[in-house]
Amino acid sequence: MDKFQITGGTPLQGELPVSGSKNAALPALAACLLTAEPVTLRRIPPVKDIATMQKLLAYTGAQIDQQDGSVRIEARSLDRPEAPYDVVKTMRASSLVLGPLVARTGVARVSMPGGCAIGARPINMHISALELLGAEIEQSHGYVEARAPQGLRGGRVHFDRITVTGTEDVLMAAVLARGETIIGNAAREPEVTDLADLLIAMGAKIEGAGSSTIRVQGVERLHGAEHTIIPDRIEAGTFMLAAAITEGDVVISNCNPEHVSALTVKMQQAGAEVADAGPGALRVRAHGRPTAIDVTTEEYPGFATDLQAQYMAWMTIAQGISFVTETIFENRFMHTQELARMGANIRIVGRQAIVAGEPELTGAQVIASDLRASASLVLAALRARGQSTIDRVYHMDRGYERIEEKLAAAGARITRLTD
Ligand code: EPU
């Protein structure tokens, strides 16, 4: 298993370019199953989760061609409308193929995701929404099997709570359902809007994506399209915090500053300078320790749960005490034990982490438990005095493209150790 070795203490300088969004690319790839015609997706990030999703599409029968950062998918016929356990256990977003497969072929068999390090990850809301569109769903032997031999029909879906991939799954099913579907309490994440843009380019009729009510008029069939994936707002936010925690001066390029507004405000309150640096770019500068500022994770446009761990890494060196409250996932504090090994002073009370800022962190051997937890450990290590080793960086490889190369180009002392 690969490790990162990091020697902390160097302020990052220069530029950190952001890749395409993993969480927008995953549903976009699944959406390619909705048409027999070729779809070309540009700015697909070459990260592990994307490779897994492509493997899954190939398993169902789609033809996949990679060409220089873009991917061409042709799902002419789908002989195996199934997501097997071996794929789903490494990537829970595989449930995103449930909606498209049942809408296109009338049948889908998808392994249940099971839990992971950040929480239970159920898909009950995906299932009940698809049932509302007329799918007959059975759950047995760890699989969800959906059938709609006569096709799906439109309906009124209202999610109990906001679900990002649930909204995407149902949106992909609704575009081929007969009649109108209204999705209430829909996720407003930019990744949902990006998916809707792709579906519209494929001939779907969708209104309201980006708001909490989405209206879809089903169409008979979709056609091929070309689409460019939005920049990864979580990678952008991770880089903003990398600049701040190292007291650096970095331009984060190829990003959408609007998508990181909630983080920008918190960082400015905590004393970092975050300024526009031309189209699609932000300049982040910081000097000295930040002021402790509380955050509570929320659905978009609130503070992203996917940036909670990285923000907390910065708060470990703040002046004062901050409260970091996690409202989206029940178990997303695994990084706190490892941060403590680096000298952080954090107490967990239920869904709240109380972080008492310390003047410095010290390098240590730590273990990454999930994707964003590993990013928080990398940030802490970039700041810490001395050397750190971060084990299980395969978690990081699931969602960040060549992170060590990007950080090294901005002056970080980071190397990958391969067994
Ligand atoms: N939930 C249910 N039932 C469902 C679906 C969700 O109870 O049927 C609960 C979840 O357990 C959670 C909450 O609802 O407590 C919200 O979960 P959501 O469905 O929105 O999460 P997701 O769609 O599975 C996506 C991202 C996550 C990100 C969350 C929240 C993708 C592929 N994944 O997950 O990204 O944290 O939204 O914004 O888009 C990551 O990239 O590291 C990551 C975990």
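Counting starts at 1 for both ligands and their atoms, in listed order. Here the structure is a predicted model, which is why all the values come from computation and not from measurement. Computed over heavy atoms, backbone and side chain alike; hydrogens, waters and symmetry mates excluded.
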Inset, instruction - Might you point out which heavy atoms bring Glu15 and Ser253 nearest each other, and give the distance in Å? - result: OE2-OG, 2.6 Å
Inset, instruction - Kindly tell me which protein residues have any non-hydrogen atom under 4.0 angstrom away from an atom of ligand 1, grouped by chain and ordered by number? - result: Lys22, Asn23, Leu26, Ala93, Ile118, Arg121, Pro122, Ile123, Asn124, Met125, His126, Arg161, Ile162, Thr163, Val164, Thr165, Thr305, Asp306, Ile328, Phe329, Arg332, Leu371, Arg372
Legend entry - Ring centres under 6.0 angstrom apart (Tyr143, Tyr85): no
Inset, instruction - Compute whether any side-chain donor of one residue and acceptor of the other, for His227 and Asp194, lie under 3.5 angstrom apart. - result: yes
Legend entry - Pairing of Arg72 and Glu74 as salt bridge, 4.0 angstrom limit: yes
Legend entry - Chi angles and distances behind the side chain to side chain contact (heavy atoms under 4.5 Å, CB included) call for Ile245, Leu241: CA-CA 6 Å; Ile245 201 170; Leu241 289 160; 5.9 Å; no
Inset, instruction - Start with the C-alpha gap between Ile252 and Val18, add the side-chain angles, then the distance that decides, and say whether side chain to side chain contact (heavy atoms under 4.5 Å, CB included) holds. - result: CA-CA 7 Å; Ile252 289 111; Val18 174; 3.5 Å; yes
